[in-house]
Amino acid sequence: MSMLKDAATSTIVALRDIKGNSPTELVELQRYLVDHLQLLMYVWWGVFFLTLAIVLGVLIYEMWTSRESS
Amino acid sequence: MKLSESFFDSPWERKALAAYRRFFSIAEIEENTVLQWVFGATIFSYFIAFNSWVGNSALTIDGYNRGAHTCWPYFQTCGEWLFLRALPDGYSQTTFYMGLFGLLLLSVYFIYRKDWTLAHLALVPAFLWHTLGVFVLTYQFSGNYEYYLFTFAFVLLLLPHKEFFLKLSVVLLYFLSTAAKMHPAWILGTYFSALKTGLPLFPDWSIPIWTNLVIFMEMVGVWFLLSRRPILQRTVFVFFVIFHLYSGILVEYRYPATVLPTVLILFGPMYRYTRIPLDWRSTFGFLLLGTYLCIQLGSHFLIAGDEKLTMEGNKYGLYMFESNHQCISDARVVYKDGTERVQHRESASARDRCDPYRYWFRIKIACERDSRISSIVWTFDHSINGGPFLRIVDVADACALSYRAFAHNKWIKTEKDSPTVIGYPVENIYR
């Protein structure tokens, strides 16, 4: 298997209109998601830090309540 | 009378033994069935780890002499510290590992005798050697399953509040692994759609659904492994058991064999809610896990460029399945007598990380050891997730380069430096 297809002759070139750095073959859902990739990245990072904040919040709450009860 | 008490029978030995027990909170293991099972699982994991290390030349002086070793970027002279010799060059490595094998067996025997202090003591050499092997002496044993094993053993052997911090470390490691997944590889699922064989068992159209579900469960769902509510806790537990069995279709036995037993023990039928420990002794556990969080996010946000492309800082923190890689390295060695030789290397294996550092490390060794070399002209093309091959390294003399461990190296182009597109890859393989 040749690992590198020449860009000029590759059938993959047909997909280059999908935001440039397109994978070799995209399924329909990926074609839709790739248009919103940046937004999706922000959403996932948002969920990540929100989850982290909630976990730290629970930890601080537990510390606070245990201090009050002791 | 326990074995340890008969071994250590003088007053000062008894005092040392008591201090050892107190310092490593061994009473916790003696009183807690869950910890005892995790102790057994950890021994099992060391057997599996050393089974793959015993015949490997990564930690041998002969590997160093052949220039086949690779060191961590933060300790690039690791090869000078290697001392073992593996077959066919010598017996010291296999002798050493059989010594560790004996100690692991001894630890099992002490468990049978219910002497957890001696079982602990017998496991410490395996822990120390594994830690040295993973983080100091070579870059080649840095699989994420080794990080898991290190973490479980560190908490189990060294920290107080062992059960709580084992549970929290499992959950946190899943959570942190999502920081590596916030990338088209997982958000679009291009890791799998770029594979010739696609995602195991599921049709291609469903790839983004499954990859985003995994992100969600590892990021949010996983915290409910610690829940007091049985239905919620059990549901998430079953998801992760299925996830590990499923992922084994690709990654085979090593990863699930390291993680799944501990997950089953901590969150399976023996699960009980563990209160958050809030005394001063819990500081060490929180400090460890806080450090993990800082390292995972620090490498991501502090080193410029997409780490999946440049691979800089990629191994500082979890990086499993972070991207599907393919690469081509061309090094033209120019000798002082005017002759030239071309070294062409390529990888189409999705899991081979295509780390320019690793390729550069080989070039550096050649430059240092072969006085006939005048310069090495080097290009390195990297494709991730089926995207174009980008020429991220294009230098006239690789011998003149150095590599910074904790900052961006300007000779590696990031996506923002507009590296030249060399071509497009065909679908690749996982192997």
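Heavy-atom basis, side chains included; hydrogens, waters and symmetry copies ignored. First the proteins, then the strands, lettered A, B, ... as listed; each starts at 1.
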Should we say atom [atom1] of [X] is surrounded by more than 12 heavy atoms from elsewhere, each under 6.0 Å from it?
X         : atom1 : value
Trp210(B) : CH2   : no
Tyr273(B) : OH    : yes
Met41(A)  : CE    : yes

| field | Gap separating the CZ atom of Phe48(A) from the CE atom of Met219(B), nearest 0.5 angstrom | value | 6.5 Å
Considering only heavy atoms, which portion of [X] lies under 4.5 Å from any heavy atom of chain B: side chain, backbone, both, or neither?
X        : answer
Glu62(A) : both
Tyr42(A) : neither
Leu33(A) : both

| query | If every non-hydrogen atom of Ile187(B) is compared with every non-hydrogen atom of Leu37(A), which pair is closest and at what distance? | reply | CG2-CD1, 4.0 Å
| Is there side-chain contact between Thr51(A) and Phe175(B), with at least one heavy-atom pair below 4.5 Å? | yes
| field | Positions in residues 282-299 of chain B that reach chain A, provided some heavy atom is under 4.5 Å away | value | Phe286(B), Leu293(B), Leu297(B)
| remark: Ordered numerically, the heavy-atom neighbours of chain B under 4.5 Å found in residues 52-59 of chain A are Leu52(A), Val55(A), Leu59(A)
| remark: ring-ring contact (aromatic ring centres under 6.0 Å, His included) filter on Tyr61(A), not counting sequence neighbours, yields none
| field | Test ring-ring contact (aromatic ring centres under 6.0 Å, His included) applied to His300(B) - qualifying residues, sequence neighbours left out | value | Trp45(A)
| task | May I ask you to check whether Ser193(B) and Gln30(A) show a side-chain donor-acceptor distance below 3.5 Å? | result | yes
| Where does Asn212(B) contact chain A at under 4.5 Å (heavy atoms): side chain, backbone, both or neither? | both
| request: Under 4.5 Å heavy-atom distance to chain A, tell me which part of Leu278(B) shows up: side chain, backbone, both or neither. | output: side chain
| request: Select, from Ile215(B), Asn324(B), Ile276(B), the one with the greatest count of heavy-atom pairs under 4.5 Å involving chain A. | output: Ile215(B)
